[in-house]
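To start, the structure itself, in structure tokens.
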Amino acid sequence: MPRYNPAVIEPKWQLHWENNKTFRTPEMPSGDKVYILDMFPYPSGAGLHVGHPEGYTATDIQARYWRMRGKSVLHPMGYDAFGLPAEEYAIRTNTPPRVSTEQNIANFTRQLKMLGFSYDWDRCLATTDREYFRWTQWIFLLLFDTWFDLEQQKGRPISELPIPADVAAKGEDAVSLYRDKHRLAYQDEALVNWCPGLGTVLANEEVIDGKSERGNHPVQRMPLRQWMLRITAYGDRLISDLEGLDWTPGIKKLQADWIGRSTGAEVDFPIVPASEFSKWQSTRRGQAYPESIPVDVLRIYTTRPDTLYGATYMVIAPEHPVVKTITTPEQSAAVKQYCDNAAFKSDRDRTDGDKRKTGVFTGAYAINPVTGKPIPIWIADYVLIGYGTGAIMAVPAHDDRDFEFAKAFQLPIQCVVEPSKNDADRETILAGGVCFTGDGLAINSGSLDGLGTDAAKAKIIDELTASGVARQAINYKLRDWLFSRQRFWGEPFPILHELDAAGKPTGIIRAVDTQELPVDLPQLEDYKPHGRPEPPLAKADDSWLYVTIDGKRYRRETNTMPQWAGSCWYYLRFIDPTNTSAIVDRAKEKAWMPVDLYIGGAEHAVLHLLYARFWHKVLFDRGYVSHAEPFHKLVNQGMILGEVEYTGFQTASGEWVSAAHTEKGETGYVHSKTKEALNSISVADSDVTKSGDNFVLASDPSIRIDSRAHKMSKARGNVVNPDAVVTEYGADSLRLYEMFMGPLEATKPWSTTGVNGVRNFLDRVWRLMIDTHAEGNTLVDSIQDVEPTAEQNRVIHSTIMAVTRDIESLSFNTAIARMMEFVNFFTKESVRPRKGMEALILLLSPYAPHMAEEVWQALGNTDSLAYQAWPVFDESLTKASEIEVPLQINGKLRTKLMVPADSTAEQLEQAARGHERLAEWLDGKQIVKAIVVPGRMVNFVVK
RNA sequence: GCCAAAGUGGCGGAAUCGGCAGACGCGCUGGACUCAAAAUCCAGUGUCCUUAACAGACGUGUGGGUUCGAUUCCCACCUUUGGUACCA
């Protein structure tokens, strides 16, 4: 065969691997196992993006490498196919979602196979498979059957939930409702994010800036009865278990911050006339801190109980229940207007713009329980109903938001924390003129005076706990997970609502028997959202919608699960994809889990990983999995940007404007002085030159040109299609290039000439071994069965050493560079020992498997190299007998010296002192000190 | 604003522990081969000074510091990218 032709070689080997089931994984690992997982893709209509193969190639290299090292490797692939985009695509193309999803999956599969990934395709699954979502529904029922025992910090079967005597006394229905309230999956009337544009409610995590993450539609808040998952119960464990994971500190922190655990205190402020305060105080002293909030108090949460003496007013959220009861008649009109306004505002409007504080006075007062003074109660939307108790004590002297609010409404500011003596603003802070949020010494605070912030916090909590006014409390930013969606293309809930004789729901719910799973989606002609919160499944035929069991009539739950559901546990199903009696076989689970390496995009750093960890912990508590955490090592691949573009700016009349004088306006770029709209002009590479730190127009250096790589997008027209790259350069070139671009985790721009460069390398490898003039795959004559020379051995063994080390540390770019050096070296050698050539092909095989197989065959092997032993290196052969050592004077490199590699420090120094070039430098100077690092360098400090 | 990551030639990037800055690739320049081109092979390629060589000076965002020696460690600042946004 004359030339390297991937168009022939690649399909040949793909077919070979498929027919021979080369990458079939054993049911159970033999010896060491390694589970290498990709974040499975969403099979969109657009097909594979060049970002996908980046992570997939990295994991494939790992999988192929560890197979050659003799481990049992589990390396599966599947599809996350339920969810909004698939449904929107289906509506747009007027195809049923199941049909369009299957088409998209077929296309993705074709593309993935075209790239030669070594997945065990027999384990492929899609979250939309009935046999898959049967078990997603089963896990939901497990959540439904579990309550969280706070004492044990553990999920337990609902049947073990202690029922209080007073509830038990009220009968079976009361017990049933009590249980429902404690389940990990529960229904709640909650203020939800309703998105009319998508026709569904969204999780907090799916709302960004008051708009839907998907589609950027406005989101409103409205009360709706929804399914919730009690993820907050696992908040502490989700934080503390991060510790043992091999994730970057950044990602861990992101998760911990998202969960947002804070410790502080809940404090009751009585809403009573000042004259009755002491009476209230003495009643409280005699009792425990009440679990539910009494009618005569406003309960707040604070992380700064040490500043209680500085609380000069209170603020409650507009949705707070006491708004109705405490507002005075004089204020009621203003209050009503403010609250109505807030309700109509989306979160976007609330947080938009300059965040100027707004609010209204209720007319009511509460008593500060430490000073006994009445302080006014205000309503403001900067206090959120969903966090803490929905009410705060405002300490304007020591909280930025309270300070701004106090300034806006002329409320008193009382400093109670003294800043350090050398604080520049000390006097102003003490006078209440500037807000001070740092730690300091308590002042104007009764018994706390003189204590540091932490000590003051501890003391005030002790005192108030003793007098029944406060207690220590923990809060999370994380909210319970809103789990239902009003869309068609998702897993139906396996839940039945009991109906009375008149067909009205009784409020009693029951789980669908696990034997009846899966609950399939009904056939629907019209599944489009209609902008009302009634789910599309409600339009199903009665035969689907209504069920009679033991003479009782039920209506099916018509909400569906969010897209996250299926991806919360797919890694478990890969272990045992066809099991019909359990989510996964216990022994297999124990043998294969946890996932040893998990690679995917950083966009899943919070949501997917948090949700999956939560489900995994519930499965763990209930004894279905053997590890508390599913993903041991996590790596986020960086984004691949489009090619670098040079952009210049011109006025409407065609005059160039330097990029230094432009800024981003509302619709595009404008002149920073005149605000005149500018046109962005793409400038050719050849018309640009570098000047200082910037690029400028070659014809006019005063015009700065913007140079950057942009995100790939259809609108910009810079999307690179993997199909086209494979057609032009081959899959091995695409794989190799994506690994050669730079570190896996870095964001990096695409470069077509770069792809050409690695293709060039593969051509060189080919010519190094294959005689391009002969018929068939004949080796070049220079490959001979001889022992390598010492120099050749050095190259061979140091390459094996470096490539092995780099592959294990995921430094693929440097591993490829080492192989290029190997090829550059042996291209010049007229005798190429067969051993060395075989080693190179094995080293290269995880990166460019098709070509490697082809050359391996030409080298006379009949089997696939997929399970060939990885080359071993002899470290003693990697070392040269003589090395070049730099000689420095005062830390500056002056010359170099050839010495035997094993020279001692003394020998090195002697050799250096005798070096003639150095003598010139030492002339007339005195050597004060000599620093000698054997094998590294010599440095003389001279005067 | 806050959090995270990052700033090295014309470009992507490399440099286990603080020890020869710029591996490898792209691009560019020159040469060989060719009628010619492509392909291939060979050589060169951080900036500046000097006619040139030898050599020298400078050089890892900026300014300081620690050190015999700093891309690497410390402090301050600037810029870029990503995330996040009133969580009391």
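Chain letters run A, B, ... following the sequence lines, proteins first, then strands; residues in each count from 1.
Between the side chain of A:Lys253 and the base of B:rC3 there is no donor-acceptor pair of N/O atoms closer than 3.5 Å. The base of B:rU16 lies close enough to the side chain of A:Arg805 for a donor and an acceptor atom to sit less than 3.5 Å apart.
Comparing A:Met393 and A:Ser811, the nucleotide of RNA chain B nearest to each residue sits closer to the 5' end for A:Ser811. Ranked by how close their nearest RNA chain B nucleotide is to the 5' end, A:Met639 and A:Met741 are led by A:Met741.
Going from atom CZ of A:Arg759 over to atom P of B:rC26 covers 14 Å, rounded to whole Å. One atom, CD of A:Glu745, and another, P of B:rG82, lie 17 Å apart when rounded to the nearest Å. Atom NZ in A:Lys690 sits about 16 Å away from atom C1' in B:rC28, given to the nearest Å. If you take CG of A:Leu736 and P of B:rC26, they are 12 Å apart, rounded to a whole angstrom. In this structure, NZ of A:Lys748 is placed 11 Å from C1' of B:rG12, rounded to the nearest angstrom. Atom OH of A:Tyr737 is separated from atom P of B:rC11 by 15 Å (rounded to the nearest Å). Atom CD1 in A:Ile889 sits about 17 Å away from atom P in B:rC68, given to the nearest Å. The distance between atom CD of A:Glu821 and atom P of B:rA15, rounded to the nearest whole Å, is 12 Å.
In this structure, A:Leu768 CG and A:Ser782 OG are separated by 7.0 Å, a value rounded to the nearest 0.5 Å.
Taking side-chain N and O atoms only, A:Arg708 has no distance below 4.0 Å to OP1 or OP2 of B:rC11. Not one side-chain nitrogen or oxygen of A:Lys357 sits closer than 4.0 Å to the OP1 or OP2 atom of B:rA88. At the phosphate of B:rA88, OP1 or OP2 sits under 4.0 Å from a side-chain N or O atom of A:Ser262. Contact between the side-chain N/O atoms of A:Asn760 and the OP1/OP2 oxygens of B:rU40 is found at a separation under 4.0 Å. Not one side-chain nitrogen or oxygen of A:Arg818 sits closer than 4.0 Å to the OP1 or OP2 atom of B:rA14. Between A:Arg936 and the phosphate of B:rC17, there is no side-chain N or O to OP1/OP2 separation shorter than 4.0 Å. The side chain of A:Asn939 contributes no N or O atom lying less than 4.0 Å from OP1 or OP2 of B:rU67. Remark: A:Asn813 is in phosphate contact with B:rA14, judged by side-chain N or O atoms under 4.0 Å from OP1 or OP2.
In this entry B:rA32 has B:rU40 as its Watson-Crick or G-U wobble partner, both defining distances falling under 3.5 Å. Partner assigned to B:rC24 is B:rG12, using Watson-Crick or G-U wobble distances below 3.5 angstrom.
Residue A:Thr248 is classed as having no contact, given no heavy-atom separation below 4.0 Å to the nucleic acid. Contacts of A:Ser751 with the nucleic acid, taken as non-hydrogen atoms under 4.0 Å apart, are absent. Counting non-hydrogen atoms under 4.0 angstrom, A:Pro743 reaches the backbone sugars and phosphates but no base. When heavy atoms are screened at a 4.0 angstrom cut-off, A:Gly260 is found touching no nucleic acid atom at all.
Look at B:rG9: its glycosidic torsion is within 90° of 0, and that puts it in the syn range. A syn orientation is assigned to B:rC17, its glycosidic angle lying within 90° of 0.
At most 12 non-hydrogen atoms from other residues, nucleotides or ligands lie less than 6.0 angstrom from CG of A:Asp781.
In this structure, A:Trp378 and A:Phe405 have perpendicular ring planes: the angle between them is above 60°, well past the 30° mark.
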Residues A:Arg708, A:Val644; criterion side-chain contact (heavy atoms from CB on, under 4.5 Å); working and verdict: CA-CA 5 Å; A:Arg708 63 178 61 200; A:Val644 174; over 6 Å; no
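Closest to the A:Val933 side chain, of the nucleotides B:rA88, B:rG19, B:rG83, is B:rG19. Taking every side-chain heavy atom of A:Met820 into account, B:rC24 is the closest of B:rC24, B:rA14, B:rC68. Residue A:Ala817 has its side chain nearest to B:rC24 when only B:rC24, B:rC68, B:rG10 are considered.
With hydrogens and angles left out, the side-chain atoms of A:Glu643 and A:Ser751 include no donor and acceptor closer than 3.5 Å.
We find that A:Arg759 and A:Glu728 are not joined by a salt bridge, their nearest charged nitrogen and carboxylate oxygen being 4.0 Å or further apart. Between A:Glu829 and A:Arg832 there is no salt bridge, since none of the side-chain N atoms of the basic residue sits less than 4.0 Å from a carboxylate O of the acidic one.
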